[in-house]
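To start, the structure itself, in structure tokens.
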Amino acid sequence: MKFVKRLGIIIVVLLLLLIAVNYGAAWYIEKKLPEVLQAEKDFPYNINYKDADVQLLSGSIIITEAYVAPKDTASAKMNKGAYGKIKSIEANHFNLWGILFEDRIEVKNVIIDTPEIILYPREKKYNANDDLVEPFKQTIKTESVIVKNGRFRMLDTLHEFIAKADNINFEINNISIDSNTIEKNIPLRYRDYTFSCDSIYYRVNEFYNITAKSINTSDTSFTAENFKLIPLQKRLQFNRMIPVERDQFTISAQRIAIPSTNWGFINDTLYFHAPEVILDNVNANIYRGKMVKDDQSVKKLYSQMLRELTFDLKVDKLMLKKSKIVYEEQQAYDRKPGIVSFTNFYASVYNVYSPIRKEKFPETNIDVQCKFMGTAPLKVNWHFNITDKTDAFTINGHLQDIDASQINTVSGALMNVHTTGNIKDVKFTFHGNRNNAHGSFAIAYTDLKLKVLEKDGKGRRGLLSFLGNLVVKNKSGNKGNESGLKEVDDITAERDKTKSVFNFLWRFVQQGLKQTILPKVVQKVAG
């Protein structure tokens with residue numbers, strides 16, 4: 001009985017000692033934490049908190065109501081740098097020896113709950129390595145980080161938003177930071193990560209904002225919902241702000257998805273590979289005002305743009321689904337813009353790549369199916385090889401069943417000609433390069449009538465309209481051609497290198513229309 005009693009006493013004493021050690025060590029660690037966090041001379045932040053609960057037995061530390069501010073008191077007074085408010089920070093499975101004797105916090109994982117971060121402007125630009133990785137490298141080591149329900153704001157000198165996002169959730173696992181990774185473009189190694197947020201806003205520049213309902217991404221995939229590129233100016237104001245003419249874009253996409261991707265750096269060269277990129281329900285309006293001074297710089301064709309990329313790009317298939325594209329070109333403020341629209345737009349683009357780190361160079365092929373001006377079926381195939389330094393390409397097109405009056409918004413604005421009648425078929429083959437193009441153009445029509453407009457596009461030139469309609473046949477078709485197609489095989493067009501590839505295509509089609517439909521007397525007016 002005495003032995004049992006002594007053993008009981010010993011056990012009770014040991015338990016009391018363990019409890020005392022636990023509370024003593026916990027108390028010491030709670031007092032030690034601020035010293036550890038502030039001891040690193042290069043650590044740029046002051047971190048304060050309401051309470052720290054240390055559980056030695058479970059190996060966890062829970063910090064509640066933490067606040068982060070710049071260590072530089074001058075910056076703090078002037079609202080410069082990074083500020084944060086965090087509901088709680090939980091660190092699990094910590095290394096007791098590291099905290100007590102090495103002034104270093106080593107834990108298995110860190111859970112950051114409801115952080116609210118504001119970045120005010122400062123002289124030194126924000127950098128992920130300098131602001132997030134390097135400061136914590138000597139002080140905190142963890143295998144994984146989890147962020148829940150975060151909120152982010154970045155402000156300019158007027159305290160207006162540059163960027164913001166809500167409901168930020170982030171997890172990164174198997175983190176490794178050492179002297180080798182810190183010098184890399186991505187200054188840490190990791191196994192995988194997931195990231196999501198919503199209510200995204202980003203001011204791109206003085207002309208555009210980007211918004212999105214949500215973003216979900218990981219190391220292998222990406223999805224954005226309700227993406228929008230929104231111009232900040234009305235058209236007149238935009239035209240007055242730009243020194244030379246340029247397009248103004250208004251773009252939305254219901255969904256942007258990259259189901260599988262692989263990206264990173266090899267020898268400081270960025271690579272991005274994806275089997276498929278999907279753009280769903282895109283609505284794009286492109287406006288250009290010709291009243292602004294011409295941009296005389298030489299425009300690159302797409303093959304040259306891809307050939308000169310400085311990173312490793314490889315997208316096997318880019319898909320555009322159920323979309324709408326509208327192009328508007330305005331010749332003068334007192335004239336309505338010429339409008340070309342493509343609805344129910346589906347496109348598949350194969351082999352979008354740069355030549356960097358490639359052994360094979362397949363053709364880039366673009367297949368398009370859509371409704372031209374809302375009603376007429378249009379099919380286009382466009383292909384080129386990025387390694388061809390002449391930038392040669394071929395475009396085949398087939399347009400069917402269009403009311404001729406529907407193209408008056410284009411022909412009136414750009415050719416000073418209105419038409420009525422039925423266009424049954426338009427077929428063209430366009431072989432081009434960086435200098436010129438040649439090919440064939442064919443059109444089948446019935447009941448075609450012309451109205452030649454004054455130079456300002458407002459009035460009708462009666463005599464020219466009368467003479468034109470005398471010459472134009474009511475029905476198309478070359479002699480012996482039962483298809484009804486009026487064909488021309490020797491269409492040529494010179495490229496204006498200060499214009500886009502679409503201007504090049506329009507010059508070719510315009511030449512085809514002139515040679516098949518318009519009498520020579522009208523061609524002079526059409527320009």
Side-chain angles (χ1 to χ4, degrees), residues 204-205 207-208 229 231 238-239 242-251 269-274 277 279 282 284-290 292-318 320 325 327-329 340 342 347-358 360-368 380-397 414 428-439 492-511:
V204 181
N205 52 34
F207 297 110
Y208 296 102
L229 176 70
F238 176 78
N239 287 339
I242 55 178
V244 294
E245 68 176 41
R246 60 190 286 187
D247 292 331
Q248 185 186 51
F249 298 93
T250 306
I251 300 174
T269 298
L270 172 67
Y271 68 89
F272 177 87
H273 298 172
V277 175
L279 307 176
V282 174
N285 181 280
I286 306 159
Y287 165 81
R288 175 162 292 211
K290 303 298 290 182
V292 186
K293 181 182 176 181
D294 284 345
D295 179 3
Q296 296 299 321
S297 63
V298 174
K299 308 303 185 295
K300 298 178 182 180
L301 299 181
Y302 293 128
S303 51
Q304 183 179 357
M305 293 180 189
L306 289 170
R307 185 168 62 248
E308 294 179 355
L309 287 177
T310 58
F311 67 97
D312 176 7
L313 171 69
K314 183 178 181 292
V315 176
D316 297 331
K317 186 178 182 180
L318 172 65
L320 197 64
I325 300 174
Y327 176 76
E328 301 185 50
E329 187 172 293
V340 181
F342 306 90
S348 297
V349 186
Y350 301 92
N351 303 316
V352 181
Y353 65 97
S354 67
I356 296 174
R357 299 178 61 242
K358 305 292 191 307
K360 296 181 179 180
F361 303 95
E363 277 196 335
T364 299
N365 199 301
I366 305 169
D367 282 322
V368 174
V380 175
N381 176 262
W382 180 359
H383 55 90
F384 55 83
N385 193 297
I386 69 166
T387 59
D388 185 343
K389 294 187 178 181
T390 69
D391 293 313
F393 63 89
T394 296
I395 299 178
N396 295 297
L414 304 182
F428 60 87
T429 299
F430 177 35
H431 304 288
N433 55 43
R434 63 173 57 190
N435 298 314
N436 49 53
H438 69 277
T492 61
E494 293 296 316
R495 180 186 172 218
D496 182 348
K497 294 182 181 179
T498 67
K499 309 295 183 183
S500 70
V501 66
F502 297 105
N503 174 271
F504 194 12
L505 175 59
W506 167 244
R507 290 166 72 92
F508 178 85
V509 172
Q510 185 181 37
Q511 193 63 32

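- Across all their heavy atoms, Glu245 and Gly289 have their closest contact at CB-O, 3.9 Å.
- Considering only heavy atoms from C-beta on, Pro362 comes within 4.5 Å of Tyr353 through its side chain.
- A side-chain donor from one of His431 and Thr394 sits under 3.5 Å from a side-chain acceptor of the other.
- Ring pair Phe384/Trp382 is perpendicular by interplanar angle, where above 60° counts as perpendicular and below 30° as parallel.
- By the 4.5 Å heavy-atom criterion applied to side chains, Leu279 and Leu318 are counted as neighbours.
- For the residue pair Asn285 / Glu328, a side-chain donor-acceptor distance below 3.5 Å is found, with atom types taken as modelled.
- Donor-acceptor pairing under 3.5 Å is lacking for the side chains of Asn351 and Asn365.
- Shown here for Asp496 and Asn503, the closest heavy-atom pair between the two residues is CB-OD1, 4.4 Å.
- Atom-to-atom distance recorded for Asn381:CG and Ile395:CD1 is 9.5 Å, nearest 0.5 angstrom.
- The shortest side-chain heavy-atom distance between Thr364 and Tyr302 does not fall under the 4.5 Å cut-off.
- Using cut-offs of 30° and 60° for the angle between ring planes, the Phe393 and Phe430 rings count as perpendicular.
- Arg288 has its side chain within reach of Tyr327: a pair of non-hydrogen atoms, C-beta onward, lies under 4.5 Å apart.
- Between Asp388 and Ala392, the closest heavy-atom pair is OD2-CB, 3.4 Å.
- For the atom pair Lys299 NZ and Arg434 CZ, the distance stands at 14.5 Å (nearest 0.5 Å).
- Salt bridge annotation for Asp391-Lys300: absent, with no cationic side-chain nitrogen under 4.0 angstrom from a carboxylate oxygen.
- When all heavy atoms of Lys317 and Ser348 are compared, the closest pair comes out as CE-OG, 4.0 Å.
- Distance OG/Ser354 to CD/Glu308: 12.0 Å, rounded to 0.5 Å.
- In this structure the side chain of Asp294 never reaches within 4.5 angstrom of the side chain of Thr498, judged on heavy atoms.
- Expressed to the nearest 0.5 Å, how far CG of Asn435 lies from CZ of Arg495 amounts to 8.0 Å.
- Pairing each heavy atom of Ile356 with each of Leu309, the nearest pair is CD1-O, 3.4 Å.
- Annotation: side chain of Tyr208 is not in contact with side chain of Ile251 (no heavy-atom distance under 4.5 Å).
- Proximity of a side-chain donor or acceptor of Asn433 to a complementary backbone N or O of Asn436 within less than 3.5 Å is detected.
- Distance check: Asp247 CG to Phe249 CZ gives 4.5 Å after rounding to the nearest 0.5 Å.
- Electrostatic pairing of Asp312 and Lys358 counts as a salt bridge here, judged by a charged N lying under 4.0 Å from a carboxylate O.
- Among all heavy-atom pairs drawn from Phe361 and Asn385, the shortest one is O-ND2, 2.9 Å.
- Two residues are said to be in side-chain contact when any heavy atoms from C-beta on lie closer than 4.5 Å; Val282 and Leu320 meet this criterion.
- Of the inter-residue distances, the one linking Lys499 atom NZ with Gln296 atom CD reads 7.0 Å to the nearest 0.5 angstrom.
- For the pair His383 and Tyr350, the minimum side-chain heavy-atom distance is 4.5 Å or more.
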